[in-house]
2 protein chains.
Amino acid sequence: MSQLDTVQRILDAAEVLFAERGFTETSLRTITSTAGVNLAAVNYHFGSKKELIQAVFERFLTPFTTSLDAELARLATEEGSLQLDDLLQSLYRVALAGLASQGRDPKRFMRLLGLAYTQSQGHLRRFIVSRYGDSYRRFAGSLATALPHVDPVTFYWRLYFMLGATVFSLSSFDAIEAILREDFGAESSLEETLARLAPAAVAMLTAPVPTEGG
Amino acid sequence: MSQLDTVQRILDAAEVLFAERGFTETSLRTITSTAGVNLAAVNYHFGSKKELIQAVFERFLTPFTTSLDAELARLATEEGSLQLDDLLQSLYRVALAGLASQGRDPKRFMRLLGLAYTQSQGHLRRFIVSRYGDSYRRFAGSLATALPHVDPVTFYWRLYFMLGATVFSLSSFDAIEAILREDFGAESSLEETLARLAPAAVAMLTAPVPTEGG
DNA sequence: TGGCGGTTAAAACAAACGTTTAAATTGTTG
DNA sequence: CAACAATTTAAACGTTTGTTTTAACCGCCA
């Protein structure tokens, strides 16, 4: 078993287990036994558990943000005015295609993103912001220019509403899908759910801004 | 210090600490030392840490759902047809007023709700569903009847989108507010944010449903 | 006052945690 | 093949965790 194998096996196991149980609830012993490697391998290859967590995020956030950046650049040159639907569909398409091509589960991606936000883990938030903050701001900026009539503060709140709707519903996709399947017998694929989410997000972003005075 | 005092002090400390750090990240020793009581008091009065977590949720979910039920019943008899805005405003008003009257922080309420969803904690999810599932279904049903033209599956997905937007953005309220204040110098109160969230949620729920065929 | 249930207190419990150590093994290079 | 660096292994480290135990304390009623 070569070095690359060990590192990769640890990352694979950690990614799945973190998404299923959270960071604190997943012990290094569970990770290493699942990966079939020695307990000390994590500290040897990554230094600490915190750095392992960051490495898990780095492995899928780096290709994701680079693809997203490229897609945004392509959109910016292609047409004169950015369309909201195009932007959101870019986001979804990049997230889905990029991960699916690696044989990774996009739902796990969303679940981890949700964990990054909700589990305190200050070091992780700092790591993500410092590493991927620029990509995030670029995407938010593109979205903002497609919504010129919405004042900045309202726009940013709605952006967080949209992120919340996305991360929350997709990170719990399996649970929600199971409920709906039981109640209505209707199966939902991830693609279908994104096809439902996109227009809902557009409607939320473009909703008329109520005037202060009434 | 009477028995009631001890139980209450533990619940108060646990509520704050859980909301700040999560369940696993908060030890019983931190809770009891913050509350100024003996370590063994938690196991004596609540039985276990799991039951303490459930008790924290029970303390604010029970008055919340009973108020919500009453408000929904009032709305149902008052007018002929339920208005979407009224329903959402009921939800928000009940959540805010009910908690504020107890001197508790509504943001903490949302933060805990978010944790209940995202931190796996299977026992907590089971506890909440079994205890408050009826209230949830009643509210969802009221919302559904106010949206007769939306097919059930689309409606339920949008309901989860809405819940995600609400829980996610309000549970991170302080962090988001701090960012917006730094970037735009604009302060946002919780009431203002709910006033932004309500129309955005309505827009999302009432968005035109794209037809399958194109 | 004496005793009794309810509560608090200090201490200890075993288990699990992340991390470190030091030896054994492997792979590579001269 | 020899030698050195990289990696894996088993074992132990010290902490921290939730929980339990046993004794002390308290208020109250007979």
Side-chain angles (χ1 to χ4, degrees), chain A residues 1-58 112 115-116 119-127, chain B residues 1-58 112 115-116 119-127:
Chain A
M1 185 184 306
S2 77
Q3 168 189 358
L4 255 176
D5 273 325
T6 300
V7 169
Q8 204 119 321
R9 292 164 69 94
I10 292 175
L11 285 173
D12 288 342
E15 181 179 296
V16 172
L17 291 168
F18 284 155
E20 281 177 358
R21 324 181 181 183
F23 307 117
T24 316
E25 295 81 359
T26 305
S27 71
L28 292 185
R29 283 168 176 83
T30 307
I31 293 173
T32 52
S33 69
T34 301
V37 303
N38 188 272
L39 167 62
V42 169
N43 290 284
Y44 178 78
H45 287 287
F46 298 92
S48 66
K49 187 181 182 180
K50 285 187 179 182
E51 289 167 285
L52 169 61
I53 295 175
Q54 295 175 4
V56 167
F57 277 84
E58 187 177 22
L112 287 171
L115 285 180
Q119 311 243 131
S120 36
Q121 296 284 347
H123 71 96
L124 181 56
R125 192 179 285 232
R126 263 173 276 131
F127 172 78
Chain B
M1 184 184 307
S2 76
Q3 168 191 357
L4 256 175
D5 273 326
T6 300
V7 170
Q8 204 120 321
R9 289 164 71 95
I10 292 175
L11 285 173
D12 288 342
E15 180 179 298
V16 172
L17 291 168
F18 283 155
E20 281 177 357
R21 320 183 184 183
F23 307 119
T24 315
E25 294 83 358
T26 305
S27 70
L28 292 185
R29 283 168 177 80
T30 307
I31 294 173
T32 52
S33 70
T34 302
V37 304
N38 188 273
L39 167 61
V42 168
N43 290 285
Y44 178 78
H45 286 288
F46 296 93
S48 67
K49 187 181 181 181
K50 285 186 179 182
E51 290 167 286
L52 169 63
I53 294 175
Q54 295 175 4
V56 166
F57 277 84
E58 188 176 23
L112 287 172
L115 286 181
Q119 312 243 131
S120 37
Q121 296 283 343
H123 72 95
L124 181 56
R125 191 179 284 233
R126 265 174 274 132
F127 171 80

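Within every chain, numbering begins at 1; the chains are lettered A, B, ... in the order of the sequence lines, protein sequences first and strands thereafter. Note that the structure is predicted; figures quoted are calculated from it, not measured.
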### Query
Where do Ala41(B) and Ile10(B) come nearest, in terms of heavy atoms and distance?
CB-CD1, 3.9 Å
Considering only nitrogen or oxygen atoms on both sides, find all protein atoms under 3.5 Å from nucleotides 17-21 of chain D and state each distance.
residue, atom, partner, partner atom, Å
dG18(D), OP1, Lys49(B), NZ, 2.6
dG18(D), OP2, Leu28(B), N, 2.9
dG18(D), N7, Arg29(B), NH1, 2.8
dG18(D), O6, Arg29(B), NH2, 2.9
dT19(D), OP2, Asn43(B), OD1, 3.3
dT19(D), OP2, Lys49(B), N, 2.9

### Message
Could you work out how much the helix from dT8(C)-dA23(D) to dG30(C)-dC1(D) bends, comparing the axis of its first five pairs with that of its last five, to 10°?
### Response
10°
### Summary
Separation of dT9(D) atom C1' from Asn38(A) atom CG, nearest Å, is 5 Å
### Message
Using side-chain heavy atoms (C-beta onward) and a distance below 4.5 Å, is Glu58(A) in contact with Phe127(A)?
### Response
yes
### Message
Please check this pair: side chain of Thr30(B) against backbone of Thr26(B), looking for a donor-acceptor N/O pair closer than 3.5 Å.
### Response
no
Close N or O pairs between protein and nucleotides 23-27 of chain D (under 3.5 Å):
none

### Message
Measuring only between side-chain heavy atoms, which start at C-beta, is Thr6(A) closer than 4.5 Å to Arg9(A)?
### Response
no
### Query
Between His45(A) and dA6(D), is there a side-chain N or O to OP1/OP2 distance below 4.0 Å?
no
### Message
Run Leu11(A) and Leu52(A) through side chain to side chain contact (heavy atoms under 4.5 Å, CB included) and show every step you take.
### Response
CA-CA 8 Å; Leu11(A) 285 173; Leu52(A) 169 61; 4.0 Å; yes
### Task
Please tell me if the side chains of Leu28(B) and Asn43(B) come closer than 4.5 Å, counting only heavy atoms from C-beta onward.
yes
### Task
Check the distance between dT19(C)'s C1' and Glu51(A)'s CD and give it to me in whole angstrom.
13 Å
### Query
Using the ring of each side chain (for Trp, its six-membered ring), is Phe18(A) parallel, tilted or perpendicular to Phe23(A), with breaks at 30° and 60°?
perpendicular
### Query
Side-chain contact, heavy-atom cut-off 4.5 Å: Thr34(A) with Val16(A)?
no
### Summary
Nearest heavy-atom approach of Ser48(A) to Glu51(A) is OG-OE1, 3.0 Å
### Message
Using every non-hydrogen atom in the two residues, find where His123(A) and Gln54(A) come nearest and quote the distance to one decimal.
### Response
ND1-NE2, 3.2 Å
